[in-house]
Amino acid sequence: MCGIVGIVSTSNVNQLLYDALTVLQHRGQDAAGIVTFQDNRFFLRKDNGLVRDVFHTRHMRRLVGNVGIGHVRYPTAGSSSSAEAQPFYVNSPYGITLAHNGNLTNADDLSSDLFRTDLRHINTNSDSEVLLNVFAHELQKLGKLNPTKDEIFSAVRAVHKRCRGAYAVIAMITGYGIVGFRDPNGIRPACYGVRESEDGQKEYMIASESVALNAAGFEIVRDIAPGEAVYIETDGTLYTEQCAESPKLYPCIFEHVYFARPDSIMDRVSVYKARLRMGETLADKVLRERPDHDIDVVIPIPDTSRTSAMQMAYQLGVKYREGFIKNRYIGRTFIMPGQKMRKKSVRQKLNPIDLEFRGKNVMLVDDSIVRGTTCKEIVQMARDAGARNVYFASAAPPVRYPNVYGIDMPSASELIAHDRSVEEVREQIGADWLVYQDLEDLITCVNDVNDDIDGWECSVFTGDYVTGDVDEAYLRRLEDLRKDEKRPGGQIIDGDNAIIDLHNDED
């Protein structure tokens with residue numbers, strides 16, 4: 001999962017981009033990058049690490065320009081080397097940089113086509129570089145010295161025809177502006193907003209989540225529709241066009257379960273409200289299964305489960321307590337590469353307050369159970385703290401299948417619920433009782449005022465992939481390529497500043 005942002009302003013955008021990436025840091029902690037444009041030159045800084053660690057004062061001073069894009073990421077299909085930090089750049093045509101959230105399901109075929117037919121070289125294992133080169137090639141085929149909105153939208157249409165999978169993209173075209181677009185199923189989120197500068201001119205921002213717009217003082221205009229492209233010229237002129245032949249809106253339901261910030265609104269659905277409802281439906285299920293339950297206290301596993309746990313406790317009429325103190329300086333364990341690192345970090349990340357556990361029947365609430373390693377450790381921590389019985393509730397249904405659209409759930413064999421019953425999962429994590437959200441209830445929780453939503457991308461729960469191109473052979477290849485260990489990547493770079501002069505006659 002990644003976070004993307006692009007801004008067209010009337011003044012330097014470096015601080016705005018930095019602040020937006022900080023707000024979107026929850027979407028990826030592996031690497032960060034910003035590229036800006038001024039006087040026919042790109043100014044780029046990217047490297048592995050958190051936003052605060054990648055960008056220092058000396059870097060920010062060099063990121064000049066009124067137009068720019070940014071990216072935070074964690075690795076999925078690619079390696080975790082700094083060579084695959086984004087944005088990516090190609091010099092032809094015009095000079096294009098691109099930031100991408102999602103995953104292409106036909107990246108291997110596209111990479112081969114790019115080499116054999118388009119005569120383009122791919123330097124990394126990242127499908128984002130593949131997507132950039134597809135877009136660049138389609139734009140170059142049009143052969144225009146000065147591309148108009150029509151040429152840019154035509155290139156996006158060609159991208160939709162060639163690329164499959166999930167992608168939310170922001171690309172910057174030298175001297176012309178930025179373009180943002182979503183895949184024809186709208187799996188990955190993107191929205192845009194506007195604000196007025198001090199001199200009354202319009203400034204625009206595209207981002208993965210609405211919270212990034214709010215934090216920067218932009219008024220949300222709307223979500224980018226599936227298959228739609230939004231093009232903003234450097235003077236602030238905005239154009240939109242539907243570029244897909246048969247778009248349908250199937251947002252990723254796991255955004256609402258785990259990834260998105262609760263203060264975001266995605267495809268007109270409030271993440272906070274959805275998580276409140278998840279707590280309500282979980283409580284209803286508890287009452288159906290055990291109307292005479294003996295739960296003394298509901299305790300969330302911070303942070304994303306707090307909203308659901310609070311509402312669950314209210315519905316059950318039992319106490320809600322904060323039983324775990326979180327170390328804010330440890331990253332999200334789900335995003336961390338390496339099973340050993342995840343397991344080791346749990347007790348560094350969370351510390352129980354014995355007073356809230358001792359002698360009590362405790363209901364722990366988490367947003368989901370993926371590999372189960374963290375859950376098992378936390379259940380044992382609750383027992384060590386003196387809990388009499390430890391119950392466990394998941395705000396999401398059992399995660400049984402790999403995700404192929406940009407979430408790091410690559411191997412079915414690593415998913416604790418794959419080929420296991422609820423009772424078997426309960427035994428694995430060591431809980432006295434395990435309650436999963438029903439899928440029908442989860443869908444009810446996220447269905448809101450947006451009638452344009454055709455359905456939800458729920459493949460991790462059902463094994464049904466909305467793009468229709470994922471079979472057992474593909475999943476086997478993915479499992480071989482995307483093990484929990486780091487896979488060899490492209491050439492390692494030092495991640496220092498790169499300044500690209502675009503007035504090179506040989507380009």
Side-chain angles (χ1 to χ4, degrees), residues 1 102 166 168 182-191 208-210 223 225-226 247-289 304-312 314-315 334 365-370 392-407 409 415 417-418 421-422 425 434-468 470:
M1 192 63 59
R182 291 172 80 182
D183 65 82
N185 291 295
I187 298 172
R188 299 268 71 89
C191 59
S208 294
E209 295 186 31
S210 62
D223 298 279
K248 290 185 180 297
L249 183 53
Y250 278 82
C252 174
I253 203 167
F254 215 75
E255 291 275 0
H256 291 274
V257 170
Y258 176 79
F259 276 105
R261 274 184 38 158
D263 45 346
S264 285
I265 297 174
M266 310 177 91
D267 293 305
R268 306 210 308 268
V269 178
S270 165
V271 177
Y272 179 74
K273 283 185 178 180
R275 290 179 183 169
L276 282 176
R277 295 184 188 120
M278 291 175 204
E280 292 176 1
T281 53
L282 264 179
D284 291 342
K285 186 170 183 179
V286 166
L287 292 174
R288 288 197 306 271
E289 291 192 358
T304 46
S305 63
R306 278 198 173 102
T307 307
S308 297
M310 179 177 60
Q311 192 65 13
M312 181 184 186
Y314 178 80
Q315 288 289 109
F334 177 67
V365 181
D366 206 352
D367 50 73
S368 59
I369 304 174
V370 181
F392 204 101
S394 168
V399 176
R400 303 186 190 277
Y401 302 95
N403 184 280
V404 301
Y405 299 127
I407 300 177
M409 299 179 192
L415 305 175
H418 182 72
S421 67
V422 174
V425 175
L434 174 61
V435 180
Y436 274 110
Q437 185 88 257
D438 291 332
L439 181 57
E440 295 79 8
D441 287 340
L442 178 60
I443 292 173
T444 299
C445 292
V446 295
N447 280 338
D448 210 318
V449 296
N450 190 353
D451 295 332
D452 295 330
I453 295 176
D454 297 291
W456 293 91
E457 202 295 299
C458 303
S459 57
V460 296
F461 309 125
T462 65
D464 298 324
Y465 298 92
V466 298
T467 53
V470 178

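Values in this document were obtained by computation on a predicted structure and should not be read as measured data. Position 1 is the first residue of the sequence, and the numbers go up from there.
Not counting sequence neighbours, the partners of Asp263 by the salt bridge (charged side-chain N to carboxylate O under 4.0 Å, His left out) test are Arg261. Glu209 pairs by the side-chain hydrogen bond (donor to acceptor under 3.5 Å, both in side chains) definition with His26, Arg27, Ser264, not counting sequence neighbours. Residues satisfying the side chain to side chain contact (heavy atoms under 4.5 Å, CB included) test with Arg306, not counting sequence neighbours, are Pro300, Pro302, Asp303, Tyr320, Glu322, Arg328. Listed by chain and number, the residues in a side-chain hydrogen bond (donor to acceptor under 3.5 Å, both in side chains) with Arg188 are Glu255 (sequence neighbours excluded). Judged as a side chain to side chain contact (heavy atoms under 4.5 Å, CB included), and not counting sequence neighbours, the contacts of Asp223 are Arg182, Cys191, Asp267, Arg268. By the side chain to side chain contact (heavy atoms under 4.5 Å, CB included) test, Thr462 pairs with Leu439, Cys458, Asp464, sequence neighbours left out. For Thr467, the side chain to side chain contact (heavy atoms under 4.5 Å, CB included) partners two or more places apart in sequence, or in a different chain, are Asn185, Ile187, Tyr405, Asp469, Val470. For Asp366, there are no salt bridge (charged side-chain N to carboxylate O under 4.0 Å, His left out) partners two or more places apart in sequence or in a different chain. Residues passing the salt bridge (charged side-chain N to carboxylate O under 4.0 Å, His left out) test with Glu457: none are found, sequence neighbours excluded.
Contact of the Val271 side chain with the Ile265 side chain is not registered, since no non-hydrogen atoms from C-beta on lie closer than 4.5 Å. Within the 4.5 Å cutoff, no side-chain heavy atoms of Val370 are placed close to those of Tyr258. Contact annotation: the side chain of Pro251 approaches that of Ile453 to within less than 4.5 Å [non-hydrogen atoms, C-beta and beyond]. Asn450 is listed as a side-chain neighbour of Leu249, based on a closest heavy-atom distance under 4.5 Å. In this structure, the side chains of Tyr465 and Ser459 come closer than 4.5 Å at one or more pairs of heavy atoms. At least one side-chain heavy atom of Arg275 sits under 4.5 Å from a side-chain heavy atom of Thr304. The shortest distance between side-chain heavy atoms of Asp454 and Tyr250 falls below 4.5 Å. Residues Val399 and Phe254 have side chains in contact (heavy-atom distance under 4.5 Å, counting atoms from C-beta outward).
Distance alone, capped at 3.5 Å, is enough to place a donor-acceptor pair between the Thr281 side chain and the Met278 backbone.
The heavy-atom pair separating Leu415 from Pro402 by the smallest distance is CD1-N, 3.9 Å. Summarising the geometry of Gly463 relative to Tyr401, their closest heavy-atom pair is N-CD1, 3.3 Å, with the distance given to 0.1 Å. Residues Ser208 and Pro189 come closest through the heavy atom pair O-CB, 3.5 Å. Residues Ala168 and Ala190 approach most closely at CB-CB, 4.2 Å, considering heavy atoms.
Within the structure, the ring-ring contact (aromatic ring centres under 6.0 Å, His included) test picks out the following pairs touching residues 438-464 (sequence neighbours left out): His256-Trp456. Pairs engaging residues 277-286 under the salt bridge (Lys or Arg N to Asp or Glu O under 4.0 Å) rule: Arg277-Asp448, Lys285-Asp438 [sequence neighbours left out]. For residues 397-407, the set of pairs meeting the salt bridge (Lys or Arg N to Asp or Glu O under 4.0 Å) definition, not counting sequence neighbours, is empty.
Using a 3.5 Å distance cut-off with no hydrogens or angles, the side chains of Gln437 and Ser394 do not pair a donor with an acceptor.
Leu282 contributes atom CG, which lies 11.0 Å from atom CD of Gln311 (distance to the nearest 0.5 angstrom).
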